Amino acid sequence: MKRSYDHNAIEEKWTAEWEKHPVNQNDGSKPKYYCLDMFPYPSGNGLHVGHWRGYVISDVWSRYKMMNGHYVIHPMGWDAFGLPAENYAIKTGKQPAESTAENIANIKKQIKQIAAVYDWDMELNTTDPGFFRWTQWIFEKLYEKGLAYQKEMPINWCPSCKTGLANEEVVDGKCERCGSPVTKKDLKQWMLKITAYADRLLDDLDKLDWPEKVKKMQTEWIGRSYGAEVDFPIEGREEKITVYTTRPDTLFGATFMVLAPEHALAASLATDETRKAVEDYIEYAANRSNVDRLQNKEKTGVFTGSYAVNPMNGKNIPIWLSDYVLADYGTGAIMCVPAHDDRDFEFATKFDIPVIQVIAKDGKEIENMTEAYTEASGTMINSGEWNGMESAVLKKEAPHIVEKMGIGRAKKNFKIRDWVFSRQRYWGEPIPVIHCPECGDVLVPEEELPLTLPEVEHYEPTGTGESPLAAIDSWVNCKCPKCGKDAKRETNTMPQWAGSSWYFLRYVDVDNDKELVSREKADKYLPVDMYIGGVEHAVLHLLYSRFWTKFLYDIGVIGFDEPFKKLFNQGMITGKNGIKMSKSKGNVVSPDDLVRDYGCDSLRLYELFVGPPELDSEWDDRGIDGVYRFLSRFWNMVQDNKDRDVAETPELIRTRHQLIDTITQRLEAFSLNTVVSGFMEFNNRLSKMEGVDRKTLETYALLLAPFAPHIASEVWEELGNKTSVFDESWPVADKSAIKDDTKEIGVQINGKVRGTVKIAVDASKDEAMAAAREALADKLEGKTAVKEIYVPGKIINIVIK
RNA sequence: GCAGGUAUGUCGGAAUGGCAGACGAGGCAGACUCAAAAUCUGUUGUAGGCAACUACGUGUGGGUUCAAGUCCCACUACCUGCACCA
């Protein structure tokens with residue numbers, strides 16, 4: 001009996017079936033494959049079609065791995081702490097715990113529409129005390145190892161979010177979340193010593209199968225450089241000023257020195273004549289905003305009135321202050337070589353400071369220098385005993401030379417700073433520390449974890465730099481676990497990145513109340529083989545997770561030190577003209593109506609068909625008609641052939657193996673958009689044939705299963721199979737059966753196609769040329785061929801004069 | 001400024017150096033229908049021609065090659081990231 005394609009009925013049927021009999025079972029014998037999505041934060045806005053894309057990609061890949069004999073770990077959870085969740089609660093006038101739970105329920109319902117093979121027994125939620133107990137535990141371990149510490153310092157402060165931010169959360173001087181200009185605020189902060197892992201975080205990138213773009217971004221963020229620290233005596237004083245330089249080869253060219261206005265010695269270097277100007281400048285710099293500093297790079301500065309001594313040649317050089325020198329990089333002071341550094345050159349020109357060239361350019365000294373010569377190539381000049389050396393060689397040796405001379409030492413520096421880890425907000429993991437007037441900082445005893453948030457009426461941010469928790473006396477006041485005397489709790493909470501820095505470890509042992517993950521399960525099921533998500537986490541989440549994974553490896557919790565072997569960044573789905581989908585732009589496309597009207601299978605296919613998965617794609621609703629029509633035609637083809645018992649022909653066998661080969665190759669190459677067009681192509685080809693045999697239809701259904709699981713399952717069943725498609729193995733193409741016997745190939749004259757011939761693919765050159773000459777007889781009339789090229793199965797080219 | 005990415009019909013996009021535009025959307029024409037929708041068939045890069053056909057055509061300008069969207073050199077535009085890190 002023929003049936004028409006009723007996507008709703010089919011999808012309801014299989015949803016119920018999979019609810020009862022999940023297809024992804026761990027029978028203990030199969031090798032594991034861990035395919036992970038970046039877990040969402042449960043926003044109140046729900047999912048749009050852009051969110052679907054990554055989940056569809058990871059599900060296709062998971063199902064493909066299942067059919068290749070793997071037990072696939074494919075979990076889903078909720079990153080529910082943090083600013084967005086709290087802001088949403090404030091906006092709707094609810095408790096964060098309440099609104100978060102509602103949002104999770106809502107998003108879970110929407111995610112289920114995707115029909116991905118998530119293992120819901122592994123579901124986790126970062127705000128669940130059973131989960132964040134271990135987030136707090138990791139913090140305590142970090143503290144015990146000296147990797148969590150407190151520091152009073154000016155930190156990045158978002159006046160709109162009313163909280164401190166990590167460096168990674170500041171983009172162009174603005175808050176990564178809300179876009180407000182970030183200011184500085186002096187606060188005592190918890191810091192995590194990510195800098196202690198800088199070398200490993202950088203070096204281990206080589207081990208990872210990640211997009212080069214992301215590796216590069218992390219490399220630049222960590223920003224390692226090699227150079228030297230050199231000590232410059234101060235004329236007439238005991239102290240020395242240490243500078244960091246990557247170009248110690250240019251030491252003889254240092255004609256002045258610049259200190260950051262925040263440098264400890266800055267004010268004290270002023271003389272009576274310069275004191276007023278120096279103090280004014282220090283104040284000016286302190287009040288200058290980040291944004292202004294980033295946008296307006298015109299050099300400003302003031303001469304302190306003091307001089308340093310260049311330790312190489314004993315010459316006095318003036319000491320200046322300028323905010324182009326950063327206080328928290330290197331030593332906060334630099335030696336300036338205007339001849340060989342653009343910024344120093346600009347400064348020297350503006351303030352009329354001498355320029356001494358120490359590297360010959362093209363073998364000579366430049367007359368009337370108009371820009372710095374920044375290459376480390378050329379012979380040293382004006383450099384005393386270093387004259388005649390090659391600067392490239394000297395650049396490497398100079399750190400050791402200054403070390404021997406006792407005026408400096410080799411030094412490596414990083415751009416990455418320690419991670420500002422406290423937030424002055426309510427909705428986060430409380431930092432499990434108690435401040436005791438007697439004992440100092442004491443960790444909340446491990447057996448008392450989790451330390452949960454108090455239930456409160458008001459949790460809005462205070463804006464004063466104090467967490468709202470500070471106002472809750474009943475929570476703040478406690479007894480010191482060490483001495484039992486009155487003490488106070490730490491009131492800052494952890495940033496939203498805390499839970500996501502390790503959640504992927506927890507999925508495989510989600511109910512463990514003894515350990516964050518058992519070592520046995522970690523060894524068996526971790527790490528993540530494939531991680532799929534947006535590129536927006538290139539330095540934030542992905543750097544923090546690598547840091548925590550390395551730490552947990554170091555303390556023996558897990559046996560690997562990189563969390564994600566392979567990373568795939570899917571492109572963003574945008575609205576018309578590449579505009580990001582957002583509620584305020586009014587261009588959000590919800591999947592709900594599309595699922596109802598076209599079905600889950602159609603939407604899944606269209607998410608892939610819309611463009612190459614790694615590139616951004618503009619959403620166009622009309623396109624989904626195309627994939628729906630395709631599925632209907634496939635369905636009809638099955639209906640037309642299923643009861644006919646069509647015999648296999650050589651052509652059908654060949655087509656079937658070509659189909660397997662095409663789909664598998666494109667899938668392996670992650671070219672998912674062309675997988676879908678491949679299915680369409682073969683559907684068109686098969687429908688033009690006299691009939692399609694059962695084996696070919698079955699093969700088609702198996703190949704389609706990871707992409708459109710419902711219709712594939714239904715067809716598989718209709719063809720008389722009792723098993724699940726996902727218990728079948730992925731078809732293997734017989735390469736020898738793929739080849740066509742004859743093929744139509746193009747015939748060119750002088751590289752331009754002038755006709756075609758149909759010849760055997762293994763035809764000899766003579767046969768091929770004979771056929772070509774015959775086909776193009778009229779055009780070759782009276783011409784002499786000077787060269788004949790024949791590439792079997794591809795092309796014939798006849799070159800004539 | 002530095003680094004990376006992208007550029008192909010009306011649109012989304014295909015093309016291991018080998019017939020550019022697969023596949024789809026949209027358009028046009030036709031079939032079915034009282035009619036419309038749906039469906040099916042044909043057609044659809046540009047210019048010229050009744051036609052067979054011819055010329056041109058993958059951001060721009062050069063080059064390598066029998067043959068270039070693809071390789072090399074030099075540019076342009078847009079996007080992303082970083083940006084006074086000494």
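First the proteins, then the strands, lettered A, B, ... as listed; each starts at 1. Quick caveat, the model's predicted, so the values are computed rather than measured.
Counting to the nearest Å, the C1' atom of B/rA14 and the CD1 atom of A/I663 are 14 Å from each other. Between A/D616 atom CG and B/rG81 atom P there is a gap of 11 Å when expressed in whole angstrom units. Distance A/R247 CZ to B/rC84 P: 20 Å, rounded to the nearest Å. Here B/rA38 presents its P atom at 20 Å from CZ of A/F630, a figure rounded to the nearest Å. As a whole-Å value, the separation of A/D341 CG from B/rG1 C1' is 13 Å. With rounding to whole Å, A/E220 atom CD is found 13 Å from B/rG5 atom P. Between the P atom of B/rC82 and the CG atom of A/L543 lies a distance of 13 Å, rounded to the nearest Å. When the P atom of B/rA86 is taken as reference, atom CG of A/D344 falls 12 Å away, rounded to whole Å.
The gap from the P atom of B/rG4 to that of B/rC71 amounts to 16 Å, rounded to the nearest Å. Rounded to a whole angstrom, the distance from the P atom of B/rG69 to that of B/rG9 is 14 Å. Going from the C1' atom of B/rC73 to that of B/rU65 covers 16 Å, rounded to whole Å. Going from the C1' atom of B/rG63 to that of B/rG13 covers 30 Å, rounded to whole Å. To the nearest whole angstrom, the two C1' atoms, one in B/rU8 and one in B/rA68, are 14 Å apart. Comparing the P positions of B/rA67 and B/rA77 gives an interatomic distance of 32 Å, to the nearest angstrom. Rounded to a whole angstrom, the distance from the P atom of B/rA20 to that of B/rA37 is 38 Å. The same atom, P, is picked in B/rC66 and in B/rG59; the two are 25 Å apart, to the nearest Å.
You'll find a donor-acceptor pair under 3.5 Å spanning the side chain of A/K299 and the base of B/rC84, going by distance alone.
When the nucleotides B/rC23, B/rA14, B/rC66 are ranked by their closest atom to the side chain of A/K787, B/rC66 comes out on top. Nearest to the side chain of A/K216, among B/rA3, B/rG24, B/rA25, sits B/rA3. Here the side chain of A/T245 is nearest to one of B/rG12, B/rA3, B/rA86, namely B/rA86. Distances were taken from every side-chain heavy atom of A/T674 (C-beta onward) to each of B/rA15, B/rC23, B/rC19; the shortest belongs to B/rA15. Comparing B/rA14, B/rC82, B/rU54 against the side chain of A/N673 picks out B/rA14 as the nearest. You'll find that the side chain of A/E681 is closest to B/rC23, out of B/rG18, B/rC23, B/rA20. Among B/rC84, B/rC82, B/rA86, the nucleotide with an atom closest to any side-chain atom of A/Y244 is B/rA86. Side-chain proximity of A/Y324 to B/rA86, B/rC19, B/rC23: nearest is B/rA86. Among B/rA55, B/rA86, B/rA3, the nucleotide with an atom closest to any side-chain atom of A/R754 is B/rA55. When distances are taken from the side chain of A/P612 to each of B/rG13, B/rC23, B/rG18, the shortest belongs to B/rG13.
Close to B/rC40, at under 4.0 Å from its OP1 or OP2, lies a side-chain N or O of A/R633. A close approach under 4.0 Å does occur between a side-chain nitrogen or oxygen of A/R629 and OP1 or OP2 of B/rA25. One finds a side-chain N or O of A/N684 lying less than 4.0 angstrom from the OP1 or OP2 phosphate oxygen of B/rG24. Considering only side-chain N and O atoms, A/K752 lies under 4.0 angstrom from the phosphate OP1 or OP2 of B/rC56. Applying the 4.0 Å criterion to OP1 and OP2 of B/rA86, one finds that A/S225 has a side-chain N or O inside that range.
Salt bridge status for A/K739 with A/D762: absent, with no side-chain N to carboxylate O gap under 4.0 Å. A salt bridge does not link A/D341 to A/R247: none of the charged nitrogens lies less than 4.0 Å from a carboxylate oxygen. With respect to the salt-bridge test (charged N to carboxylate O, under 4.0 angstrom), the residues A/R622 and A/D625 do not qualify. A salt bridge is defined here as a Lys NZ or Arg NE, NH1 or NH2 lying under 4.0 Å from an Asp or Glu carboxylate O, and A/E298 with A/K350 meets this definition.
B/rG9: glycosidic angle within 90° of 0, hence syn.
A ring-centre distance under 6.0 Å is not found for A/Y628 and A/Y606. Ring pair A/F256/A/F347: centre-to-centre distance below 6.0 Å.
Of all nucleotides present, none satisfies the Watson-Crick or G-U wobble test against B/rU33 with each distance under 3.5 Å. Remark: B/rC56 base-pairs with B/rG45; criterion is Watson-Crick or G-U wobble with both hydrogen-bond distances under 3.5 Å. Base pairing annotation: B/rU10 forms a Watson-Crick or G-U wobble pair with B/rA25, both donor-acceptor distances under 3.5 Å. When both pairing distances are held under 3.5 Å, B/rG81 makes a Watson-Crick or G-U pair with B/rC2.
Among the atoms of the strands shown, base atoms are found under 4.0 Å from some heavy atom of A/N797. Nucleic acid contact class of A/V799 (heavy atoms, under 4.0 Å, all strands): sugar-phosphate only. Residue contacts shown for A/E212 are absent, as no nucleic acid heavy atom lies under 4.0 Å away. Residue A/V325 is classed as a base contact, given a heavy-atom separation below 4.0 Å to a base.
Cation-pi check for A/K299 over A/Y324 is met; the charged atom lies under 6.0 angstrom from the ring centroid and within 45 degrees of its normal.
Between the side chains of A/N413 and A/S225, no donor-acceptor pair of N or O atoms lies under 3.5 Å. In summary, the side chains of A/E168 and A/W497 do not present any donor paired with an acceptor at a separation below 3.5 Å, with no hydrogens or angles considered.
Nucleotides of RNA chain B nearest to A/N636 and A/G751 differ in position, and the one nearer the 5' end is that of A/N636. In terms of position along RNA chain B, the nucleotide closest to A/I795 lies nearer the 5' end than the nucleotide closest to the other residue of the pair A/I795 and A/K297.
The stretch residues 327-340 of chain A comes close to RNA chain B through A/Y329, A/I334, each having a heavy atom under 4.0 Å from the strand.
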Apply side chain to side chain contact (heavy atoms under 4.5 Å, CB included) to the pair A/E229 and A/V243, showing each step before the final yes or no. CA-CA 5 Å; A/E229 279 185 354; A/V243 302; over 6 Å; no

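A donor-acceptor contact shorter than 3.5 Å links the side chain of A/H340 to the backbone of A/I359.
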